[in-house]
S.K.: 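Shown below is the structure under consideration.
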Amino acid sequence: MRRATIERKTTETSIGVTIDLDGSGSYSVDTGIGFLDHMLEQLSRHSLIDLTVNADGDLHIDAHHTTEDAGIAIGQAVAQALGDRKGITRYGQALIPMDETLTRVAIDLSNRPYLVWRVDFGRDKLGDMDTELFKEWFQAFAQAAGATLHVECLYGENNHHIVESCFKALARALRQAIEIDPRKADAVPSTKGVLGGSL
């Protein structure tokens with residue numbers, strides 16, 4: 001049962017996340033940030049990970065803390081649900097078109113977090129959300145999930161399409177990486193025999 005529940009409380013945010021890696025892509029998301037909710041719904045739907053997120057953050061300041069902490073909590077839930085990462089495919093990649101935009105994501109669930117972010121925006125905001133916060137979410141997720149994550153928008157003009165294609169590409173890459181490899185379901189996918197830390 002690859003499920004996890006995370007409760008993360010600070011003076012800035014209170015976030016609860018529940019995931020099921022072997023779900024059907026059902027979701028219930030409420031962060032108080034409409035555009036972020038939409039992106040997390042895309043993440044769930046296209047990864048087939050069941051996702052529940054409830055966040056109460058200091059949105060009277062701005063969306064930074066809630067966005068970053070949601071990324072941390074979701075990443076922690078993924079890491080917890082993966083356990084020792086035995087049997088997973090480990091790697092995943094996706095190339096996602098969305099109208100004029102094309103985005104590529106590659107992921108390694110190595111437990112060595114790293115983010116490469118090659119995404120540019122032509123506007124400072126999408127709705128009420130600062131576009132710079134999307135990198136913060138991906139950074140927080142990669143760090144907490146223990147993922148090496150490369151996100152690259154190859155081209156695009158519409159900022160909504162650029163962001164959405166990033167989340168959809170992450171979803172599809174993650175879906176591949178968490179799958180159990182039937183040929184090696186009993187083994188950690190590393191010659192070290194373990195996936196963790198700086199090993």
S.K.: Is there a chain of hydrophobic side chains (I, L, V, M, F, W, Y, each step under 4.5 Å between heavy atoms) that links L51 to I33?
M.R.: yes
S.K.: What I'd like to find out is whether the side chain of L174 reaches to under 4.5 Å of the side chain of R172, using heavy atoms alone.
M.R.: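 Answer no - side chains too far apart.
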S.K.: Got a donor-acceptor contact below 3.5 angstrom from the D130 side chain to the E132 backbone?
M.R.: no
S.K.: Indicate yes or no: at least one non-hydrogen side-chain atom of N158 is less than 4.5 angstrom from one of E100.
M.R.: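 Side-chain contact under 4.5 Å: yes.
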S.K.: What's the separation between atom NZ in K168 and atom CE in M98, rounded to the nearest 0.5 Å?
M.R.: 4.0 Å
S.K.: Using the ring pair (Phe, Tyr, Trp, His ring centres under 6.0 Å) rule, take F134 and W117 through it: C-alpha gap first, then chi angles, then the decisive distance, then the call.
M.R.: CA-CA 10 Å; F134 296 110; W117 178 259; 7.9 Å; no
S.K.: If you define the side chain from C-beta out and look only at heavy atoms, does anything of I74 sit under 4.5 Å from V53?
M.R.: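 The answer is yes, as the side chains (C-beta and beyond) meet within the 4.5 Å cut-off.
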S.K.: Would you indicate whether the side-chain heavy atoms of H64 and L133 approach each other to under 4.5 Å?
M.R.: yes
S.K.: Are Y27 and L40 connected into the same hydrophobic cluster when the rule is that any two of I, L, V, M, F, W, Y join if their side-chain heavy atoms are below 4.5 Å apart?
M.R.: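 In one cluster: yes.
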S.K.: Please answer whether the main-chain N or O of T31 pairs with a side-chain N or O of D37 as donor and acceptor at a distance below 3.5 Å.
M.R.: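 Yes; at least one donor-acceptor contact below 3.5 Å.
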S.K.: What is the minimum heavy-atom distance between S165 and I162, and which atoms define it?
M.R.: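 That would be OG-O, 2.8 Å.
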S.K.: Run K125 and M129 through side-chain contact (heavy atoms from CB on, under 4.5 Å) and show every step you take.
M.R.: CA-CA 5 Å; K125 286 186 176 290; M129 189 169 181; over 6 Å; no
S.K.: So do the side chains of C166 and V119 get within less than 4.5 Å of each other, counting heavy atoms only?
M.R.: yes
S.K.: For W137 and L36, what are the C-alpha separation, side-chain angles and deciding distance, and is it a side-chain contact (heavy atoms from CB on, under 4.5 Å)?
M.R.: CA-CA 10 Å; W137 186 92; L36 182 60; 4.2 Å; yes
S.K.: Answer yes or no: is there a donor N or O on one side and an acceptor on the other, between the side chain of D58 and the main chain of I61, under 3.5 Å?
M.R.: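 Such a contact is absent between D58 side chain and I61 backbone.
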S.K.: Mind listing the closest non-hydrogen atom pair of F141 and V78 along with its distance?
M.R.: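 So the minimum-distance heavy-atom pair works out to CE1-CG2, 4.1 Å.
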S.K.: Would you say F138 ends up clustered with I96 if hydrophobic residues are merged whenever their side chains have heavy atoms under 4.5 Å apart, either directly or through other cluster members?
M.R.: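 Cluster IDs for I96 and F138 differ.
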S.K.: Can you find a heavy atom in the side chain of T101 that is under 4.5 Å from one in the side chain of E157?
M.R.: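 They are not in contact (no side-chain heavy atoms under 4.5 Å apart), so the answer is no.
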S.K.: Where do F167 and L43 come nearest, in terms of heavy atoms and distance?
M.R.: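 Nearest heavy atoms, F167 then L43: O-CD1, 4.2 Å.
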S.K.: Indicate yes or no for a side-chain donor-acceptor contact from Q76 to the backbone of A144 under 3.5 Å, with no hydrogens or angles considered.
M.R.: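 Checked: no pair found.
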S.K.: Judged by atom type as modelled, is there a donor-acceptor pair below 3.5 Å linking the side chain of T131 to the main-chain atoms of D124?
M.R.: yes
S.K.: Only one of D108, I107, L109 forms a side chain to side chain contact (heavy atoms under 4.5 Å, CB included) with Y91, so which one is it?
M.R.: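 Of D108, I107, L109, side chain to side chain contact (heavy atoms under 4.5 Å, CB included) with Y91 is met by D108 alone.
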S.K.: Working note: R90 + S110, criterion side-chain contact (heavy atoms from CB on, under 4.5 Å); need CA distance, chi angles, decisive distance, verdict.
M.R.: CA-CA 7 Å; R90 178 177 165 178; S110 58; 3.8 Å; yes
S.K.: Would you call E179 and R175 a salt bridge, using N to O less than 4.0 angstrom?
M.R.: no
S.K.: Enumerate donor-acceptor pairs with a distance under 3.5 Å from any side-chain N or O in residues 11-24 to protein atoms, sequence neighbours excluded.
M.R.:
{"unit_1": "E12", "atom_1": "OE2", "unit_2": "H65", "atom_2": "NE2", "d": "3.4"}
{"unit_1": "T13", "atom_1": "OG1", "unit_2": "D69", "atom_2": "OD2", "d": "2.5"}
{"unit_1": "S14", "atom_1": "OG", "unit_2": "K9", "atom_2": "NZ", "d": "2.9"}
{"unit_1": "T18", "atom_1": "OG1", "unit_2": "T5", "atom_2": "OG1", "d": "3.3"}
{"unit_1": "D20", "atom_1": "OD1", "unit_2": "D22", "atom_2": "N", "d": "2.9"}
{"unit_1": "D20", "atom_1": "OD2", "unit_2": "R3", "atom_2": "NE", "d": "3.2"}
{"unit_1": "D22", "atom_1": "OD1", "unit_2": "R2", "atom_2": "NH2", "d": "2.8"}
{"unit_1": "D22", "atom_1": "OD2", "unit_2": "R2", "atom_2": "NE", "d": "3.1"}

S.K.: Check the pair E152, T103 against side-chain contact (heavy atoms from CB on, under 4.5 Å), reporting the backbone distance first and the verdict last.
M.R.: CA-CA 6 Å; E152 183 178 18; T103 296; over 6 Å; no
S.K.: Taking all heavy atoms of A142 and all of P113, pick out the closest pair and write down the distance.
M.R.: O-CB, 3.4 Å
S.K.: Heavy atoms, side chains only, cut-off 4.5 Å: are V151 and L149 in contact?
M.R.: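 The answer is yes, as the side chains (C-beta and beyond) meet within the 4.5 Å cut-off.
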S.K.: Distance from S47 atom OG to L170 atom CG, nearest 0.5 Å?
M.R.: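 Here the rounded value is 8.0 Å.
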S.K.: Please examine the side chains of F35 and V163, heavy atoms only from C-beta on, and report whether any two atoms are closer than 4.5 Å.
M.R.: yes
S.K.: Would you compute the distance between atom CD1 of I49 and atom OG of S44 and round it to the nearest 0.5 angstrom?
M.R.: 7.5 Å
S.K.: Closest approach of E68 and A140, non-hydrogen atoms and distance?
M.R.: O-CB, 3.3 Å
S.K.: Decide salt bridge (Lys or Arg N to Asp or Glu O under 4.0 Å) for R45 and E41; before the verdict, give the C-alpha distance in whole Å, the side-chain angles of both, and the deciding distance to 0.1 Å.
M.R.: CA-CA 6 Å; R45 176 64 184 86; E41 290 165 359; over 6 Å; no
S.K.: Where do A55 and T66 come nearest, in terms of heavy atoms and distance?
M.R.: CB-CG2, 4.2 Å
S.K.: Do you see a donor-acceptor pair shorter than 3.5 Å between the side chains of D181 and T89?
M.R.: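 Side-chain D/A pair, D181 to T89: absent.
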S.K.: Please determine whether the number of non-hydrogen atoms from other residues, nucleotides or ligands lying under 6.0 Å from atom CG of D128 exceeds 12.
M.R.: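 No, CG of D128 has 12 or fewer neighbouring heavy atoms, counting only those of other groups under 6.0 Å.
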